[in-house]
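First up is the structure itself, then whatever we jot down about it.
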Amino acid sequence: MIEKIYCMDVKPKMEGERVKLAGWVYRKREVGNKVFIVLRDSSGIIQTIFMKDLSEDAYEKAKQVGIESSVIIEGTVKSDSRAPTGVEIQADKIEILQNVEFFPITKDASDEFLLDVRHLHLHSPKVGSVMKVKGTLMQAAREWLLQDGWYEVFPPILVTGAVEGGATLFKLKYFDREAYLSQSAQLYLEAAIFGLEKVWSLTPSFRAEKSRTRRHLTEYWHLELEAAWMDLWDLLEVEEELVSYMVQRTLELRKKEIEEFRKDFTTLKNSEPPFPRISYDEAIDILQSKGVKIEWGEDMGADEERILTQEFDRPFFVYGYPKHIKAFYMKEDPEDSRKALAADMLAPEGYGEVIGGSQREDDYEKLVQRILEEGMDPKNYEWYLDLRKYGSVPHSGFGLGLERLVAWVLKLNHIRWATLFPRTPSRIYP
Ligand SMILES: NC(=O)C[C@H]([NH3+])C(=O)NS(=O)(=O)OC[C@H]1O[C@@H](n2cnc3c(N)ncnc32)[C@H](O)[C@@H]1O
Ligand SMILES: [Mg+2]
């Protein structure tokens, strides 16, 4: 590893010290016998100045170097209020590791072009800020899960059954049989609770969604929890505690990065438990009162959720959806056979669903009945049905779409900007 200091670690109080930095040329301009290079590394940027009368060799090299060239720069720290970070390097040495004549990404690059060259777009500090926020949200989730006694487990991705409906399965050939890419780790987490009681996993989930919306990917990162002995209402408390900790902790650690994307932090600061809870029935009433054409029993899509979120300035729950629009594994509401003990968490500011969760059907016969009602073959779920034969317990769980959470926290205009290499129906390269 090159012995170097990070841009953000160079402080005005280091005036006069000699330092070595390594990174990429972010900006460059020439003024008279001076070349100003703004150097970029993972921590940020710093201005370096090359003066002909300080080192003609370094000055001549600095004149040649192109944007995004990889360089090692040495020089003396000088405090300067005019510099972007209040300090600059009076450079007397530059090693050009690779000079870049022309970097393909320019200021007017289209979104589609940026996605075509996503592997180069990752040079961007702004993209780096998205990934830092995403990583910190997961760091916070791990902190909370550890202190609240949840066990991380590592479920399979190669599976033989649908969880969220057969229409969005990615099929693959598995030796001499058919298999699928996992839509959700849920069923395997349900098996894990008989030994570990409270489990969680972060896995890629795959959905052959043909819908080209701002909130769907075909591959996304899925944070899922499952717990024995919990009913739906216990689950909602876990969800709001976890999400509020993730948001508040990320606000604390990544305020600078979040400020690059939004100026108003109100909804983030409001994300403290308890989150508001409305029933599906109330949600339908609200939508109808706002002139939305939707009847009881219909599912809410992105447009309906967007309108509903206008009523809230923080994440909120919608619970008690009609059973027939929800998945086979959801427990019927004992107080209303038309409904499931299910709840989604919706993010405000138009973002909508970030979590889907429910209490699970724990009775063997009822679960077989639901599988048959959904037109599925119980034989394909024998192992899953076994979980209701050997010490079945009330249990609940949920799945949080990490990119959806990032999209809300950073107010991104499309979920694809929330992931390193977005996968959509029209994009699987690079
Ligand atoms: N363990 C569980 O109980 C999870 C459950 N089996 C499940 O998969 N629910 S979900 O389909 O609503 O998906 C959960 C979340 O996963 C996200 N999700 C769901 N589908 C997508 C797509 N296509 N792209 C991005 N994000 C997606 C979204 O935030 C959903 O709320
Ligand atoms: Mg859902």
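What you see is a predicted model; the values in this text were computed from it and never measured. Each ligand, and each atom within it, is numbered from 1 in the order the structure gives. Starting from 1, each residue takes its place in the sequence as its number. When reading the values below, keep in mind they use all heavy atoms of this one structure, side chains included, and skip hydrogens, waters and symmetry mates.
- A donor-acceptor pair under 3.5 Å is absent between the side-chain atoms of Gln186 and the main chain of Gly397, judged by distance alone.
- For ligand 1, the 4.0 Å heavy-atom shell takes in Val163, Glu164, Ser184, Gln186, Arg207, Glu209, Arg215, His216, Leu217, Tyr220, His222, Glu224, Tyr329, Glu353, Val354, Ile355, Gly356, Arg360, Gly397, Phe398, Gly399, Gly401, Arg404, Ile415, ordered by chain and residue number.
- Residues Glu260 and Lys126 are not paired through a salt bridge, judged by the lack of any N-O separation under 4.0 Å between the basic side chain and the carboxylate.
- Taking backbone and side-chain atoms together, Glu353 has an N/O/S atom less than 2.8 Å away from the Mg ion (ligand 2).
- A salt bridge does not link Glu259 with Lys263: every distance from a Lys NZ or Arg NE/NH1/NH2 to an Asp or Glu carboxylate oxygen is 4.0 Å or more.
- Glu239 has its side chain within reach of Phe317: a pair of non-hydrogen atoms, C-beta onward, lies under 4.5 Å apart.
- Note on Glu332 versus Lys339: no salt bridge recorded, every NZ/NE/NH1/NH2 to OD/OE distance being 4.0 Å or above.
- Atom NZ in Lys134 sits 7.5 Å away from atom CG in Leu420 (nearest 0.5 Å).
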